Amino acid sequence: MDSLQQSVSARLAAMSLLGLLILTSFSVVHGHGDVTPQAVNTEGLDPIGEEFVEENPYRLAGGKQYELAKAVGASGYNSNCARCHGLEAISGGIAPDLRLLEDGVFGDEWYMERVRKGYSQNGAYKMPPFQDLLSQEAMWAIRSYIEAQPKDI
Ligand code: HEC
């Protein structure tokens, strides 16, 4: 190989490496149904542990825990859910209106199922699974916020 050929093939290698890097960074950004998860600060909320519970523990606790959960949930909701489900849980039509979720434990179960596992159609996520992205505390805080929204639909 002469030196011209060598430098050409070195350049080609560098270019394809660059292309690969660009592709990889795109797929990282656009993985999980096109969502960049936002951490939710759940400081002050009672820890729930590893086991998933069936009913909103903060509603059950009531009082200050429930109030704090709604406030934490408001910011968690706005940064992770509102862009599909609408501000204040009022749907703009892309995704279901979450004010229609059932109250109580039945609504809790369905909520958790969807939020943990997301929703995919023909192999593409329409809603990303959040179980590895948000803590259980954050998920129940968001449920607390959603169920507290006025239901004048
Ligand atoms: C990329 C868009 C997107 C994001 C982000 C998103 N969702 Fe969804 N969500 C959807 C779509 C689409 C559906 C409808 C799936 C179906 O048909 O059940 C859905 C369904 C749901 C349902 C079931 C509603 C029902 O009436 O059956 C719940 C609960 C839910 N989402 C909660 C959340 C929460 C909480 C967050 C944030 C942590 C969130 N979603 C983030 C798109 C999204």
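None of these values were measured; they are calculated from a predicted model. One-based numbering, in listed order, for ligands and for the atoms of each. Hydrogens, waters and symmetry mates play no part in the numbers below; they use all other heavy atoms, side chains included.
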J.: With no hydrogens and no angle check, is any side-chain donor or acceptor of Glu54 less than 3.5 Å from a backbone partner on Val105?
T.: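 Pair absent, no side-chain N/O of Glu54 close to backbone of Val105.
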J.: What atoms of ligand 1 come within less than 4.0 Å of a heavy atom belonging to Asn80?
T.: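 The atoms of ligand 1 under 4.0 Å from a heavy atom of Asn80 are 5 (C), 37 (C), 41 (C).
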J.: Within a strict 4.5 Å, meaning less than it, do heavy atoms of the Tyr77 and His85 side chains meet?
T.: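 Yes; the side chains approach each other to less than 4.5 Å.
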J.: Where does Asp97 meet ligand 1, judged by heavy-atom distances below 4.0 Å: at the side chain, the backbone, both, or neither?
T.: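 Near ligand 1, Asp97 shows nothing, with every heavy atom at 4.0 Å or more.
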J.: Which residues pass the side chain to side chain donor-acceptor pair (under 3.5 Å) test with Asn41, not counting sequence neighbours?
T.: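 Side chain to side chain donor-acceptor pair (under 3.5 Å) check on Asn41 returns nothing, list empty.
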J.: Taking CD in Glu88 as the centre, count heavy atoms belonging to other residues, nucleotides or ligands within less than 6.0 Å. Is the count above 12?
T.: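 Open.
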J.: What about Leu60 and Tyr145, same hydrophobic cluster or not, with Ile/Leu/Val/Met/Phe/Trp/Tyr joined at side-chain heavy-atom distances under 4.5 Å?
T.: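 In one cluster with Leu60: Tyr145, no.
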J.: Show me which atoms of ligand 1 lie under 4.0 Å from any heavy atom of Tyr111.
T.: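 Those atoms are 29 (C), 35 (C).
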J.: Please report, to 0.1 Å, the donor-acceptor pairs under 3.5 Å made by any side chain of residues 63-76, with sequence neighbours excluded.
T.:
residue : atom : partner : partner atom : Å
Gln65   : OE1  : Asp46   : N            : 2.9
Gln65   : NE2  : Gly44   : O            : 3.0
Tyr66   : OH   : Glu147  : OE2          : 2.5
Glu67   : OE2  : Lys70   : NZ           : 3.3

J.: Taking non-hydrogen atoms only, is Trp110 closer than 4.0 angstrom to ligand 1 via side chain, backbone, both or neither?
T.: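 Side chain only; the backbone of Trp110 stays clear of ligand 1.
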J.: Just going by heavy-atom distances, which of Met139, Lys126, Arg143, His85 is nearest to atom 31 (N) of ligand 1?
T.: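 Ranked by closest heavy atom to atom 31 (N) of ligand 1, first place is His85.
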J.: Does the shortest distance from atom 8 (Fe) of ligand 1 to an N/O/S atom of Met127 fall below 2.8 Å?
T.: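 True for Met127.
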J.: Tell me if the CZ atom of Phe52 is crowded by more than 12 foreign heavy atoms within 6.0 Å.
T.: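 More than 12 heavy atoms, drawn from other residues, nucleotides or ligands, come within 6.0 Å of this atom.
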J.: Any heavy atom of Leu100 closer to ligand 1 than 4.0 angstrom?
T.: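 Not so, Leu100 does not reach ligand 1.
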J.: Is it the side chain (CB and beyond), the backbone, both or neither of Cys81 that lies under 4.0 Å from ligand 1, heavy atoms counted?
T.: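 Both backbone and side chain of Cys81 come within 4.0 Å of ligand 1.
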J.: Which ligand 1 atoms does Cys84 reach within 4.0 Å, using its non-hydrogen atoms?
T.: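 Every atom of ligand 1 under 4.0 Å from some heavy atom of Cys84: 1 (C), 2 (C), 3 (C), 4 (C), 5 (C), 42 (C), 43 (C).
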J.: Using a 4.0 Å heavy-atom cut-off, which part of Phe130 comes near ligand 1: side chain, backbone, both, or neither?
T.: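 The part of Phe130 near ligand 1 is the side chain, not the backbone.
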J.: Which ligand 1 atoms are under 4.0 Å away from a heavy-atom of Ala95?
T.: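 Numbered from 1, ligand 1 contributes 10 (C), 11 (C), 42 (C).
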J.: Of all the atoms in ligand 1, which lie at a distance below 4.0 Å from a heavy atom belonging to Leu98?
T.: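 Matching atoms, with element in brackets: 22 (C), 24 (C), 28 (C), 29 (C), 30 (C), 32 (C).
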J.: Specify the closest pair of heavy atoms between Tyr125 and Lys117, including all atoms of both residues, with the distance to one decimal.
T.: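 For Tyr125 and Lys117, the tightest heavy-atom pair comes out as CE2-O, 4.0 Å.
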J.: Return a yes/no value for Arg114: is any of its N or O atoms, backbone included, closer than 3.5 angstrom to an N or O of ligand 1?
T.: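 Looking only at distances, the answer is yes, because the N/O contact criterion of under 3.5 Å is met.
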J.: I need the Glu137 CD to Glu43 CD distance, nearest 0.5 Å.
T.: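 The CD atom of Glu137 sits 12.5 Å away from the CD atom of Glu43.
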